Amino acid sequence: MKQKLLLVITKSNWGGAQKYVYDIATSSTVQAEYDIEVVVGSNSELARKLRDRQVVVHNASTLSNSIKPIELFFSVLELISIIRETKPDIIHTNSSFAGIAMGIAAFILRKKSVFTIHGWAFNEKRTTQQKVVLKVAMFCTMLFHTRIIAVSRAVLSQFPGTLRMRRKATVVHNGVSTQVYSNFNTVVPEWKKTGVQLVSIGELHTTKNHALAIKAIESFSKEFIEKYNVTYHIIGEGAERKHIEARIEKSHLKNRIYMYGALPNASQYMPSFDICILSSISEAFCYVVVEAGRAGLPVIATRVGGVPEIIKDDVSGLLVRSKSIEEMAKAMQDLIVHKTKRIKLAAALKARVQKEFSVEQMIEGTMKVYAKLGEK
């Protein structure tokens, strides 16, 4: 008889953590051993995708990105009710705020639980007080979970330095599957393949710091931009849209920078472009870099979080200091000018991704963690 696996995540909009949950929930390897159900804090893209694959989805209406005591209290109560209804053998939580609430609920009901840390909420742009509260809440919550997965060594390095915490934790890198690619003009008919085209894919959030890439391109001379016909394409949606649009409007790059909003399965369009740009100020791992490597695209990325675990500087990509306009601009110009270098770096990254960052390896590592739940 199969065991019951309950996957839990706060937000249902599509992102790295949501892709991770989707890959586990729809994996034939996992489904062969577990009956899978998923709890989400909102009915959005992830919920729709899962239901399309006949995965049972529960909506936890009180689950949100809040650790206010009263809201947390009601989230814990609702999750306790869901646990009693679904009777899972294993609970696997996949976001910071859900991790706090579900950790408490699972501990109260004495359920085995796994918590995957896709990133520390206290690394995001917040007030000092909020960061302290989140750090204390997260570290206390980890005591409630049976096992912990860190998506990178960088995430693991920020764990409390206690033996008990370290003993619980395992690094399992995210992985990507083989992709079917499409030309970008199939979704944006007016797009044409001209010049050297840079692309960023990700949520329009302060953490992604799209302004860094824009400022770097602004520093290029008019002659350089025209000679190589440089354009920058941003795929994603989020709270920073108006700020980014205002930045572009004030610059001399209005006809060089394009925003397309969120596009389903955006990584399928990567081969249409020439260089992938990641300008984040914080990343736990970063799916986009791995997806770019799988697509054969060279990457320029900030040296943050788990990114150096994927890219070796000047071997399989270019790494620059976070927030450094000068280094980002220099790296961009280097790859814009030198096509042979782009090809070399892309080939090296693709080989590394295929060898070390497949979804099969991710599933295998995760299943090993599930197996350890039976160990004392």
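The structure displayed is predicted, hence computed values, not measured ones.
Geometrically, Lys19 engages Tyr287 in a cation-pi contact defined by less than 6.0 Å to the ring centre and at most 45° from the axis.
With a 4.5 Å cut-off on side-chain heavy atoms, Gln197 and Trp191 count as touching. In this structure the side chain of Glu218 reaches within 4.5 angstrom of the side chain of Leu253, judged on heavy atoms. Residues Val230 and Ile336 are in side-chain contact: their nearest non-hydrogen atoms beyond the backbone lie under 4.5 Å apart. Inter-residue side-chain proximity for His118 and Ser95 is flagged as unmet; no heavy-atom pair is nearer than 4.5 Å. With contacts defined as side-chain heavy-atom distances shorter than 4.5 Å, the pair Asp35/Gln3 does not qualify. Inter-residue side-chain proximity for Tyr258 and Val188 is flagged as unmet; no heavy-atom pair is nearer than 4.5 Å.
Remark: of the listed residues Val196, Ile300, Asp274, Ile300 is the sole one forming a side-chain contact (heavy atoms from CB on, under 4.5 Å) with Leu335. None of Arg247, Arg241, Lys242 except one satisfies the salt bridge (Lys or Arg N to Asp or Glu O under 4.0 Å) rule with Glu245; the exception is Arg241. Each of His145, Arg147, His92 was evaluated against Thr116; a single residue qualifies, His92, per the side chain to side chain donor-acceptor pair (under 3.5 Å) test.
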**Message:** Could you go through His233 and Phe273, starting from their C-alpha distance and side-chain angles, then the distance that decides it, and tell me whether this counts as ring-ring contact (aromatic ring centres under 6.0 Å, His included)?
**Reply:** CA-CA 9 Å; His233 305 260; Phe273 302 94; 5.2 Å; yes
**Request:** Output, in order, the C-alpha distance, side-chain angles, deciding distance and verdict of ring-ring contact (aromatic ring centres under 6.0 Å, His included) for Phe220 and Tyr228.
**Result:** CA-CA 11 Å; Phe220 298 170; Tyr228 294 98; 9.6 Å; no
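At distances below 3.5 Å, not a single donor-acceptor pair connects side-chain atoms of Glu309 with backbone N or O atoms of Gly306. Not one N or O on the side chain of Lys111 forms a donor-acceptor pair closer than 3.5 Å with the backbone of Asp89. Under the 3.5 Å distance criterion, the side-chain polar atoms of Lys323 are left unmatched by any main-chain donor or acceptor of Ile281. Looking only at distances, a side-chain donor or acceptor of Ser200 sits under 3.5 Å from a matching main-chain atom of Ile277. A side-chain donor-acceptor contact under 3.5 Å links Gln54 to the backbone of Asp52. Looking only at distances, no side-chain donor or acceptor of Thr231 sits under 3.5 Å from a matching main-chain atom of Ile257. Using a distance-only test at 3.5 Å, with no hydrogens or angles considered, a donor-acceptor pair links the side chain of Thr146 to the main chain of Ser113. Judged purely by atom type and a 3.5 angstrom limit, Arg352 uses its side chain to pair as donor or acceptor with the backbone of Ile310. Looking only at distances, no side-chain donor or acceptor of Glu249 sits under 3.5 Å from a matching main-chain atom of Lys254.
Between Ala346 and Leu297, the shortest heavy-atom contact is CB-C, 3.9 Å. Of all non-hydrogen atoms in Ile9 and Leu46, the two that sit nearest each other are CG2-CD2, 3.8 Å. In this structure, Ala60 and Val39 approach most closely via the heavy-atom pair CB-CG1, 3.8 Å.
Environment of CZ in Arg321: sparse, with no more than 12 heavy atoms of neighbouring residues, nucleotides or ligands closer than 6.0 Å. Atom CZ of Phe74 is surrounded by 12 or fewer heavy atoms from other residues, nucleotides or ligands within 6.0 Å. Applying the 6.0 Å contact sphere to NZ of Lys339 captures no more than 12 heavy atoms from other residues, nucleotides or ligands. Crowding of Phe73 atom CZ: a count of heavy atoms from other residues, nucleotides or ligands under 6.0 Å not exceeding 12. Counting heavy atoms of neighbouring residues, nucleotides and ligands inside a 6.0 Å radius, atom NZ of Lys2 exceeds 12 of them. More than 12 heavy-atom neighbours from other residues, nucleotides or ligands sit within 6.0 angstrom of NZ on Lys4.
A side-chain donor from one of Gln179 and Ser267 sits under 3.5 Å from a side-chain acceptor of the other. For the residue pair Ser322 / Thr302, no side-chain donor-acceptor distance below 3.5 Å is found, with atom types taken as modelled. With 3.5 Å as the limit, one finds no donor-acceptor pair spanning the side chains of His173 and Glu356. The closest side-chain donor-acceptor pair between Ser75 and Glu78, if any, does not fall under 3.5 angstrom. Using modelled atom types and a 3.5 Å distance limit, the side chains of Glu37 and Thr86 yield no donor-acceptor pair. Checked by atom type, the side-chain pair Glu283/Ser280 shows a donor-acceptor distance below 3.5 Å. Checked by atom type, the side-chain pair Thr340/His338 shows no donor-acceptor distance below 3.5 Å.
Taking the six-membered ring wherever Trp is involved, the centroid distance between the rings of Tyr260 and Phe184 falls below 6.0 Å.
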